[in-house]
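First the structure, in the form of structure tokens, and then the observations on it.
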Amino acid sequence: MTGFSEFSRRSLDDREGFWSEQARLIDWKTPPVQVLDYSNPPFARWFVGGTTNLCHNAVDRHLKDRADQAALIFVSTETNEETTYTFRQLHAEVQRMAAALKDLGVQKGDRVLIYMPMIAEAAFAMLACTRIGALHSVVFGGFASVSLASRIDDATPKVIVSADAGSRSGKVVEYKPLLDAAIDLANHKPTAVLLVDRKLAAMKIVAGRDQLWGDLRQKHLNSTVECEWVDATHPSYTLYTSGTTGKPKGVQRDTGGYAVALAASMKHIFCAPLQGASGPAGETYFCTSDIGWVVGHSYIIYGPLIAGMATIMYEGLPTRPDAGVWWSLVEKYKVTVMFSAPTAVRVLKKQDPAFLKKYDLSSLRALFLAGEPLDEPTARWISESLGVPIIDNYWQTESGWPILTIANGVEKAPSKFGSPGVPMYGYDVKLIDENTGDELEGPDQKGVVAIEGPMPPGFMQTVWRDDARFVSTYWKSIPGKLVYNTFDWGVRDKDGYFFILGRTDDVINVAGHRLGTREIEESISSHPNVAEVAVVGVADALKGQVAMAFVVPKNAAVVADAAGALKLEGEIMKQVDGQLGAVARPARVRFVTVLPKTRSGKLLRRAIQAVCEGRDAGDLTTIEDPTALQQIRDVVAR
Ligand code: ATP
Ligand code: MG
């Protein structure tokens with residue numbers, strides 16, 4: 001048995017022993033009495049009896065050894081700001097914010113909704129919440145009033161922290177009017193709104209409710225606020241899933257389990273050099289996600305800081321002022337670990353590759369990508385361009401940290417293109433036949449990716465204020481078994497590597513053959529003139545379903561006329577025939593300039609499918625560019 005499989009086996013055979021060792025990676029006020037309480041499945045309670053604090057582990061405990069090292073590096077290519085906060089400075093800012101929140105009445109257990117652009121104050125606010133035992137509920141700054149209002153009603157925050165505006169591609173995006181409209185729409189009203197004034201847009205202040213961070217910061221310049229020691233099982237935050245498949249779920253996370261899971265992942269997966277409170281100089285972690293997503297929570301804010309690393313918080317596009325901007329930051333801050341998404345890499349892939357050669361990237365050890373399937377051409381391109389391992393990792397808002405990846409910190413193992421890797425320690429991942437509930441043990445059998453409980457530390461505790469929804473949504477969908485359904489469809493090869501084939505509701509059934517849309521997309525995207533592709537199953541009287549492909553060509557000129565489009569369509573079909581067989585061949589390949597995606601870059605396949613079948617596209621509040629769906633409507637109608 002190899003090192004990783006031994007490690008992993010122990011994590012399941014001796015969960016308590018394994019995780020009590022990992023628990024030493026963080027500071028506890030009082031150590032846990034019981035490592036795991038699974039007396040009420042599927043609810044797992046980790047580190048029962050222990051008390052700790054997330055903010056302490058991210059900030060305070062580093063003051064002893066690295067107070068003057070960089071902790072938070074805020075870079076905005078929108079406003080041309082660049083500020084580094086040392087651990088000491090971050091500690092001071094977080095205490096000011098914590099004092100301000102307390103001033104506004106926030107107490108342990110209260111919710112604070114954070115609706116902010118990617119600015120340092122957003123990090124202060126998150127850390128300030130966990131410092132005082134309040135729960136943050138960050139709502140992605142790109143959402144408009146309706147999405148925001150529904151989250152205000154679900155989280156019922158005492159205070160909302162926001163800002164005058166964000167900026168995107170040099171254009172000011174006002175937040176305050178959207179927030180005011182959302183509060184009007186919502187049934188629940190916060191008692192106060194704390195506003196960061198970036199001086200990007202004028203704000204209409206609501207007297208008695210709105211407060212300026214500048215004023216409260218001044219008032220609390222020298223305030224000290226001690227960390228509130230909370231039970232390990234005390235919730236640290238709630239966060240909504242992306243809403244790719246329907247109504248977003250309010251994921252609730254604990255404190256102790258999350259801190260341990262992140263610390264362990266920093267060591268075993270991201271190979272951070274530092275553990276515990278002391279150690280040599282820190283390194284820099286650059287995660288390009290947004291604090292509005294789980295990746296941002298775990299790997300912009302808490303994970304790197306818990307490990308004593310500096311973390312870069314970046315506001316801006318990957319292509320402004322030019323497509324070299326991220327690499328310039330890697331050079332300047334000697335970034336060792338970078339984390340991004342396939343979507344972003346595909347954006348860069350369309351730019352001049354010379355930008356990748358312009359900077360000294362020798363500090364970089366690996367690039368991690370997550371959030372959606374990483375297609376092989378994109379993976380190869382970025383891997384060859386950077387010359388460092390590209391490590392895909394599969395997870396969900398629900399999990400808080402990777403479910404499938406490669407743990408190079410335990411034992412070096414190769415990545416396989418197209419596979420996010422193997423199950424991480426603590427996750428008992430299974431493939432299940434969704435009709436019979438039987439486990440598929442052999443290689444190359446397709447099934448639902450499911451996880452046997454208890455879930456490891458860091459995993460969601462429940463759906464916020466809805467235990468019944470947690471159980472019925474995730475744990476009751478496979479016949480005869482209490483197992484967690486990821487709603488993703490996958491296959492495992494003989495070496496134990498998993499391949500994600502799409503969401504379970506994206507599996508299509510063509511004349512009795514079950515095909516993952518992902519497999520067809522993978523085949524199509526290997527065509528040299530395909531930049532992006534979405535495949536959906538569409539109802540068909542004869543075959544049950546047929547696959548429809550929507551392609552963004554690399555060179556749009558090729559499909560400018562009908563003959564060109566027909567030629568490329570033919571080539572693509574031939575390619576699918578050759579690679580997967582005629583049954584997988586899409587009925588039609590249509591060309592568009594942009595695909596409908598959520599604000600987090602995930603394809604809205606369900607909406608595309610609805611449009612193809614002439615149905616209503618459903619809830620589109622999370623869509624990035626509504627014109628994309630119109631294009632689908634237009635090409636389908638043709
Ligand atoms: P909702 O659950 O509200 O419909 P969502 O599932 O898109 O939204 P997230 O939790 O942000 O919300 O996304 C998790 C999903 O993203 C996974 O279930 C999977 O479908 C996809 N995913 C994430 N990482 C990967 C990856 N590395 N490879 C393939 N798919 C991935
Ligand atoms: Mg999901």
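Read the numbers this way: they start at 1 and go in the same order the structure lists the ligands and their atoms. Model, not experiment: these values are computed from the prediction. Residue numbers run from 1 in the order of the sequence given.
Between Arg605 and Glu521 there is a salt bridge, with a side-chain nitrogen of the basic residue lying less than 4.0 Å from a carboxylate oxygen of the acidic one. Salt-bridge check for Glu532 with Lys350: passed, with a basic side-chain N closer than 4.0 Å to an acidic carboxylate O. Between Lys249 and Asp466 there is no salt bridge, since no side-chain N of the basic residue sits under 4.0 Å from a carboxylate O of the acidic one. Ionic pairing of Asp495 and Lys416 is present here: one or more N-O contacts between side-chain nitrogen and carboxylate oxygen are shorter than 4.0 angstrom.
Under the side-chain contact (heavy atoms from CB on, under 4.5 Å) rule, Arg465 has a single partner from Thr156, Thr238, Asp154, which is Thr156.
The protein heavy-atom contact nearest to atom 14 (C) of ligand 1 is Trp395 O, 3.6 Å. For atom 2 (O) of ligand 1, the closest non-hydrogen atom of the protein is Lys249 NZ, 3.2 Å. Looking only at protein heavy atoms, the nearest one to atom 7 (O) of ligand 1 is Thr244 OG1, 2.4 Å. When hydrogens are left out, the protein atom nearest atom 15 (C) of ligand 1 is Arg503 NH2, 3.7 Å; that is the closest non-hydrogen contact. Summary of contacts: the protein heavy atom closest to atom 9 (P) of ligand 1 is Thr397 OG1, 3.4 Å. In this structure, atom 11 (O) of ligand 1 lies nearest to the protein heavy atom Ser242 OG, 2.7 Å. Among protein heavy atoms, atom 4 (O) of ligand 1 sits closest to Thr245 OG1, 2.4 Å. Nearest non-hydrogen protein atom to atom 26 (C) of ligand 1 is Glu372 O, 3.4 Å.
Aromatic rings from Tyr394 and Phe498 are positioned such that their centres are separated by 6.0 Å or more. Within the 6.0 Å centre-distance limit, the rings of Phe43 and Phe470 are counted as a close aromatic pair.
By the 4.0 Å heavy-atom criterion, Ser600 is excluded from the residues contacting ligand 1. Close to ligand 1: Glu398, with a non-hydrogen atom less than 4.0 angstrom away.
Each of the following atoms of ligand 1 lies closer than 4.0 Å to a heavy atom of Asn393: 24 (N), 26 (C), 27 (N). The contact set between ligand 1 and Pro373, taken as ligand atoms under 4.0 Å from a residue heavy atom, comprises 28 (N), 29 (C), 30 (N).
Between Gly371 and ligand 1, at least one pair of N/O atoms sits closer than 3.5 Å. When only interatomic distances are considered, the shortest N/O to N/O separation between Asp488 and ligand 1 falls below 3.5 Å.
Checking Thr241 against Thr397 by side-chain atom types alone, no donor-acceptor pair falls below 3.5 Å.
With a 4.0 Å heavy-atom cut-off, ligand 1 is reached by the backbone of Gln396 and by its side chain too.
Taking the side chain as every heavy atom from C-beta outward, Phe140 and Ser147 never approach each other to under 4.5 Å.
Between His297 and Tyr237, the ring-plane angle classifies as tilted under the 30° and 60° cut-offs.
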